[in-house]
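Just so it is clear, the model here is predicted, and its values are computed rather than measured.
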Amino acid sequence: MAPLTGNAATDIEFDFPFGFKELEGIHSRTDFDLSAHAKYSGKKLQYFDPDTNESYTPYVIETSIGLDRMFLAMFSNAFTEEKLEDGSERVVLKLPAILAPYKVAVLPLVKKDGLPEKAREIIDSLKSDFMCQYEEKDSIGKRYRRQDAIGTPMCVTVDNDTLVDNCVTVRDRDTMQQVRVPIDNLRSMIFDELKPKK
């Protein structure tokens, strides 16, 4: 008969696209591990409890979680294909904002009229606090889709009105809703977005 190596074990599983798989194993090993170490090393591995005036070998709870599986679970859960009202589709990586590699993308509406310069000025004001991306190639719609696909939570669009009112259009990745915001409010708005949601 094999020696008792634990008195309880459980797995935490995740429903991946290819089925439920173990994410983490949690095992109560009782005092088996430390007793075996003590036996073969010749070292005493006991704890003396001054309250009870007794020595004992502590029990061990072993937990094992794989980074690669956590990473896969996070991406499996975040990857979304949506059909939009106009019949088109978009791929969105709905990562929690705090986990998204880029927090904000700054996009000039066109590559002229001083808009790229203004966009770079905005990036310079944000890049010490956030990972930012600048993009000016293709239409604004295609750029939004690319940012959706890499999980960027917010896109900031600089247009001709920005040069007049010092405001930008901020687009939310998940809802695609857009709001006009003063540039001075961007930093606090992004910090709010990064707070854990209840």
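At least one side-chain heavy atom of Glu135 sits less than 4.5 Å from a side-chain heavy atom of Gln147. Residues Met74 and Leu99 have side chains in contact (heavy-atom distance under 4.5 Å, counting atoms from C-beta outward). No side-chain heavy atom of Arg29 sits under 4.5 Å from any side-chain heavy atom of Ile61. A heavy-atom distance below 4.5 Å is not found between the side chains of Leu109 and Thr162. Considering only heavy atoms from C-beta on, Arg143 comes within 4.5 Å of Ile140 through its side chain.
Partners of Ala149 under the side-chain contact (heavy atoms from CB on, under 4.5 Å) rule, at least two apart in sequence or in another chain, do not exist in this structure. Here Ser88 pairs with Asp86 under the side-chain hydrogen bond (donor to acceptor under 3.5 Å, both in side chains) rule; sequence neighbours left out. Shown here are the side-chain contact (heavy atoms from CB on, under 4.5 Å) partners of Asp161, two or more places apart in sequence or in another chain: Asp159, Asp165, Arg180. Among residues two or more places apart in sequence or in another chain, the side-chain hydrogen bond (donor to acceptor under 3.5 Å, both in side chains) test is passed with Asp11 by none. Taking the ring pair (Phe, Tyr, Trp, His ring centres under 6.0 Å) definition, one finds that Tyr40 meets it with nothing, sequence neighbours left out.
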_ring pair (Phe, Tyr, Trp, His ring centres under 6.0 Å) evaluation trace for Phe32 with Tyr59_ = CA-CA 8 Å; Phe32 176 81; Tyr59 278 26; over 10 Å; no
Determine whether Met154 and Arg171 satisfy the following criterion, side chain to side chain contact (heavy atoms under 4.5 Å, CB included), listing intermediate values before the conclusion.
CA-CA 6 Å; Met154 300 169 74; Arg171 176 186 178 271; over 6 Å; no
Leu126 vs Ile122, test: side chain to side chain contact (heavy atoms under 4.5 Å, CB included). Steps then yes/no. CA-CA 6 Å; Leu126 297 174; Ile122 292 169; 3.9 Å; yes
Exercise for the section: Would you check, one step at a time, whether the test side chain to side chain contact (heavy atoms under 4.5 Å, CB included) holds for Thr157 with Val168? Expected result: CA-CA 6 Å; Thr157 304; Val168 289; over 6 Å; no
- Message: Walk me through whether Glu24 and Thr63 qualify under side chain to side chain contact (heavy atoms under 4.5 Å, CB included).
- Response: CA-CA 7 Å; Glu24 179 179 8; Thr63 180; 2.4 Å; yes
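Hydrophobic cluster membership is shared by Val170 and Ile98, with clusters built from Ile, Leu, Val, Met, Phe, Trp and Tyr side chains linked at under 4.5 angstrom. Cluster annotation: Tyr134 and Val158 are assigned to the same hydrophobic cluster (Ile/Leu/Val/Met/Phe/Trp/Tyr, side-chain heavy-atom contacts under 4.5 Å, transitive).
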What pairs of donor and acceptor atoms, side-chain ones from residues 90-97 against any protein atom, are under 3.5 angstrom apart with sequence neighbours left out?
unit_1, atom_1, unit_2, atom_2, d
Arg90, NE, Glu82, OE1, 2.8
Arg90, NH1, Asp148, OD2, 2.8
Arg90, NH1, Arg173, O, 2.9
Arg90, NH2, Glu82, OE1, 3.0
Arg90, NH2, Arg173, O, 3.0
Arg90, NH2, Asp174, O, 3.2
Lys94, NZ, Glu82, OE2, 2.7

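In this structure, CD1 on Ile123 lies 5.0 Å from SG on Cys132, to the nearest 0.5 angstrom. Between the CG atom in Leu34 and the NZ atom in Lys43 there is a gap of 15.0 Å [rounded to 0.5 Å]. Atom CD of Glu117 and atom CG of Leu115 lie 8.0 Å apart (nearest 0.5 Å). Expressed to the nearest 0.5 Å, how far CG of Asp49 lies from CG of Asn53 amounts to 9.0 Å. Atoms CG and CD1, from Asn185 and Ile190 in turn, are 11.0 Å apart once rounded to the nearest 0.5 Å. Expressed to the nearest 0.5 Å, how far CZ of Arg187 lies from OG of Ser125 amounts to 6.0 Å.
At most 12 non-hydrogen atoms from other residues, nucleotides or ligands lie less than 6.0 angstrom from CZ of Phe71. Counted within 6.0 Å of CE on Met70, heavy atoms from surrounding residues, nucleotides or ligands total 12 or fewer; the atom is thus considered open.
Side-chain atoms of Ser139 and Tyr144 form no donor-acceptor pair, as typed in the model, at a separation below 3.5 Å. There is no side-chain donor-acceptor pair under 3.5 Å between Gln133 and Thr152. Using a 3.5 Å distance cut-off with no hydrogens or angles, the side chains of Glu54 and Tyr56 do not pair a donor with an acceptor. In the model, Lys118 has no side-chain atom that pairs as donor or acceptor with a side-chain atom of Asn160 under 3.5 Å. Thr30 and Asn7 share no donor-acceptor pair across their side chains, judged by distance under 3.5 Å alone.
Met189 pairs in a side-chain contact (heavy atoms from CB on, under 4.5 Å) with only one of the listed residues (Val156, Val181, Val104), which is Val181.
The pair Asp138-Arg146 counts as a salt bridge, with a side-chain nitrogen and a carboxylate oxygen less than 4.0 angstrom apart.
Checked against the 6.0 Å centroid criterion, the rings of Tyr102 and Phe130 do not qualify as a close aromatic pair.
Between Phe14 and Phe16, the two ring planes are perpendicular [angle over 60°; tilted spans 30° to 60°].
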